[in-house]
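Report on the structure given below.
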Amino acid sequence: MRKPFMIIYMLISSIVFSQKGGMLNLNIKNDTIHYLNLEKLSISVQVIENLATTTMTMRFYNHTNRILEGELNFPLGEGQNISRFAMDIDGNMREGVVIEKAKGTEVFESIVYRRVDPGLLEMTEGNNFKSRVYPINPKGFKTIIIAFEHELNVVKNQYLYLLPLNIKDVIKEFDVKVEVFESELKPKSIDHELVTLKFNKGNKGYQSKFSKSNFKANEQLGFSIPIQDKKLNLLTYRGVTDSISYFYKTDNISHKTKKKEKPDGITIYWDNSGSAFQKNSLKELALFDEYFKWAGNVNVEFITFANEIEKSILFEIKNGNWTALRLYLEQLKPDGGTQLGILNFKTAKYNEIMFFCDGLSNYGKSQIQLSSKPVSVINSNMVANHSYLKYIAQSTGGQYINLNNTPLNKALEVLTTENLQLLRVEYKEDEISDLFINHPSGDIDRFSLIGKINAKSADVVLHFGYPDKKTLFTEKVSIENKTVLANPLLERYWVQQKLNALNVNFQENKDEITVIGKKYGFVTKTTSLIVLDDISDYVNHHIVPP
């Protein structure tokens, strides 16, 4: 008989422990017995330019006399993607291998009753991941490694790395190692954070190490890296999987933006489904407060929806006073599923549109009917379909604002600024292929591009302008095909952007998503990572072992 579950929640690179649904969690209040302890946590961070890989090694101890099954849940933030899952088998770490999702679940269930060691990592809704581990033996240890990759934000000409941690219990062994490669400028620790990191010069950049016993990791780990010369470096890498050369560049848009004219009216679409309980409503209300102060006098068409359109109500805001709308928001009772396909932005009363939603559709039709009107997409839910939300914003000439990583003043700036758009891209198709361009959410003056280069050198010309589609200025990026990096991070980041693009129309692209996930070792909506105890299990289930 399988014993009770242990549940561990990791939220946006943080570890948050709580009690939910009667299941056993790592940290339980009052005098309840702790069934499982996080005895050791090792955090390793590697940074190249503004791309980072974070590896968290967690060792748990089951000090009961019962076998436990573990479930590790962790939603990752925007642009973050799992790059590694490993689990200890008889004291040695074994890497997970990619398998089709349905088969992974079938294999896990067929093995688990033998009380051997299977581990399964899969994607659930949004950018949420779940790992199942069985068994965690009585008086025994279990070690799990999770790694993820992402771009760093730029703040005041510095790359900013932040890892929120909220672990309530004391950890017997805690250590951090940070490596910043290819940097001539010394990284800096951030004041009032979890630990003060001291960086020393190494052969290829800077390093910092920190370790302590009986440590409480209940604050944010952070550091910053000064940007060299403002014009950021071009990175190139020759991939391992296909021996293809990849290039990556992030840069600032050099031209100034302009303030919007204050609108006469705005249409607001408001997700009132059950997932709204997970939103950060305080941040959304604070954003409204600042926005209506700026707008002054404006009419609002406010539309609530869940699995159907619920209500459409008109409000008149005078001198920034939006009390009536706020009272209406505060009495809303979220409920039901979400059907995004019921929305038609072409019917919006006003040309200014705001869309408050996590982008997850779990009922009926999932694709919104878009229009040529720019849509400002705002999300405060940690679990969200960031790819689709960005697609809505960028395809309509709007902006995506993720309130989980965008300060209030920056979000207001995005909403009140005439946003520059990437109108078109020019390059020779025999030299450049599979090019992806990314605008970080909440950032109106920065972009990054990544693609494959098939020549010794090539140029990419980006045309920027406003919604009138006239080119205001161009940015030329010259690329030399030479190996600069020995780290496969660049190839993996390209795969991530490819998957983001395919996920916008998941049903149409799910077969290609499966092929890419299996080829490059990525956890997707259709693929999982699995660890098995016995080599015969790999053979019997036709799974290529690590």
Side-chain angles (χ1 to χ4, degrees), residues 50 77-79 151-160 162 224 227 230 232 250-269 279-298 300 317 319-320 322 325-326 350-357 373-381 384 386 389-390 392-423 437-448 462 464-468 472-473 475:
N50 71 323
E78 176 193 350
E151 277 188 303
L152 302 184
N153 289 334
V154 174
V155 179
K156 295 181 180 179
N157 206 38
Q158 297 180 96
Y159 296 133
L160 186 63
L162 295 175
S224 63
I227 297 175
K230 292 190 179 180
L232 311 180
T250 180
D251 210 341
N252 294 321
I253 299 173
S254 58
H255 283 62
K256 298 290 183 181
T257 55
K258 61 182 180 181
K259 283 291 183 181
K260 280 183 180 178
E261 293 184 5
K262 295 183 179 181
D264 295 325
I266 59 173
T267 296
I268 298 174
Y269 291 89
K279 297 196 302 181
N280 191 328
S281 300
L282 292 178
K283 282 188 176 181
E284 293 179 339
L285 295 177
L287 181 59
F288 272 145
D289 200 41
E290 294 301 318
Y291 179 80
F292 288 127
K293 284 180 186 177
W294 169 82
N297 300 310
V298 63
V300 176
I317 311 297
N319 300 318
W322 65 290
L325 174 54
R326 183 179 185 121
Y350 300 109
N351 290 328
E352 188 85 6
I353 298 176
M354 291 185 187
F355 177 53
F356 285 79
C357 186
K373 300 173 182 178
V375 180
S376 297
V377 181
I378 299 102
N379 165 57
S380 66
N381 199 325
H386 301 288
L389 296 177
K390 278 190 172 184
I392 294 170
Q394 293 179 8
S395 62
T396 62
Q399 282 281 341
Y400 172 43
I401 301 172
N402 182 356
L403 289 177
N404 292 299
N405 57 25
T406 305
L408 182 61
N409 62 335
K410 190 69 174 178
L412 180 65
E413 181 186 357
V414 173
L415 289 176
T416 59
T417 300
E418 194 72 56
N419 297 315
L420 288 165
Q421 299 178 30
L422 178 61
L423 302 178
I437 298 168
N438 182 38
H439 287 273
S441 65
D443 201 326
I444 57 179
D445 57 5
R446 194 166 67 89
F447 69 93
S448 63
L462 310 172
F464 292 92
Y466 292 112
D468 60 10
L472 179 64
F473 67 94
E475 294 276 354

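Only a predicted model underlies this, so the values are computations on that prediction, with no experimental measurement involved.
Here the side chain of N381 pairs no donor or acceptor atom with the backbone of A384 at under 3.5 angstrom.
With sequence neighbours excluded, no residue satisfies side-chain hydrogen bond (donor to acceptor under 3.5 Å, both in side chains) with T396. Residues that satisfy the side chain to side chain contact (heavy atoms under 4.5 Å, CB included) test with N297, not counting sequence neighbours, are K318, N319. Under the rule for a side chain to side chain contact (heavy atoms under 4.5 Å, CB included), the partners of E284 that lie at least two apart in sequence or sit in another chain are W270, K279, F356, S380, L403. The side chain to side chain contact (heavy atoms under 4.5 Å, CB included) search around L408 returns A286, L287, E290, not counting sequence neighbours. A search for side-chain hydrogen bond (donor to acceptor under 3.5 Å, both in side chains) contacts involving S281 returns nothing, not counting sequence neighbours. A search for salt bridge (charged side-chain N to carboxylate O under 4.0 Å, His left out) contacts involving D289 returns K293, not counting sequence neighbours. Residues that satisfy the side chain to side chain contact (heavy atoms under 4.5 Å, CB included) test with E352, not counting sequence neighbours, are K260, P263, I266, Y291.
Ring geometry for Y400 versus H386: interplanar angle of 30 to 60°, hence tilted.
Between L325 atom CG and F292 atom CZ the span is 5.5 Å, to the nearest 0.5 Å. Distance CG/N405 to CG/L162: 10.0 Å, rounded to 0.5 Å. Annotation: the span from I317 atom CD1 to W322 atom CH2 amounts to 8.5 Å, rounded to 0.5 Å. In this structure, CG in N379 is found 5.5 Å from CG in L389, a value given to the nearest 0.5 Å. K410 NZ to N153 CG: the interatomic distance, rounded to the nearest 0.5 Å, is 10.0 Å. The structure places OG1 of T267 at 6.0 Å from CD1 of I353, a figure rounded to the nearest 0.5 Å.
Looking only at side-chain heavy atoms (C-beta outward), M354 and Y269 stay at 4.5 Å or farther from each other. Taking 4.5 Å as the limit, some side-chain heavy atom of Y159 sits within range of a side-chain heavy atom of N50. Between Y350 and I268, every side-chain heavy-atom pair lies at or beyond the 4.5 Å cut-off. Residues T417 and K259 have side chains in contact (heavy-atom distance under 4.5 Å, counting atoms from C-beta outward).
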### Message
Checking N438 against K390 for the side-chain hydrogen bond (donor to acceptor under 3.5 Å, both in side chains) test, could you report, in this order, the C-alpha distance in whole Å, the side-chain angles of both residues, the deciding distance, and whether it holds?
### Response
CA-CA 9 Å; N438 182 38; K390 278 190 172 184; 2.7 Å; yes
### Task
List the steps and the verdict of side-chain hydrogen bond (donor to acceptor under 3.5 Å, both in side chains) for S448 and E151.
CA-CA 10 Å; S448 63; E151 277 188 303; 3.2 Å; yes
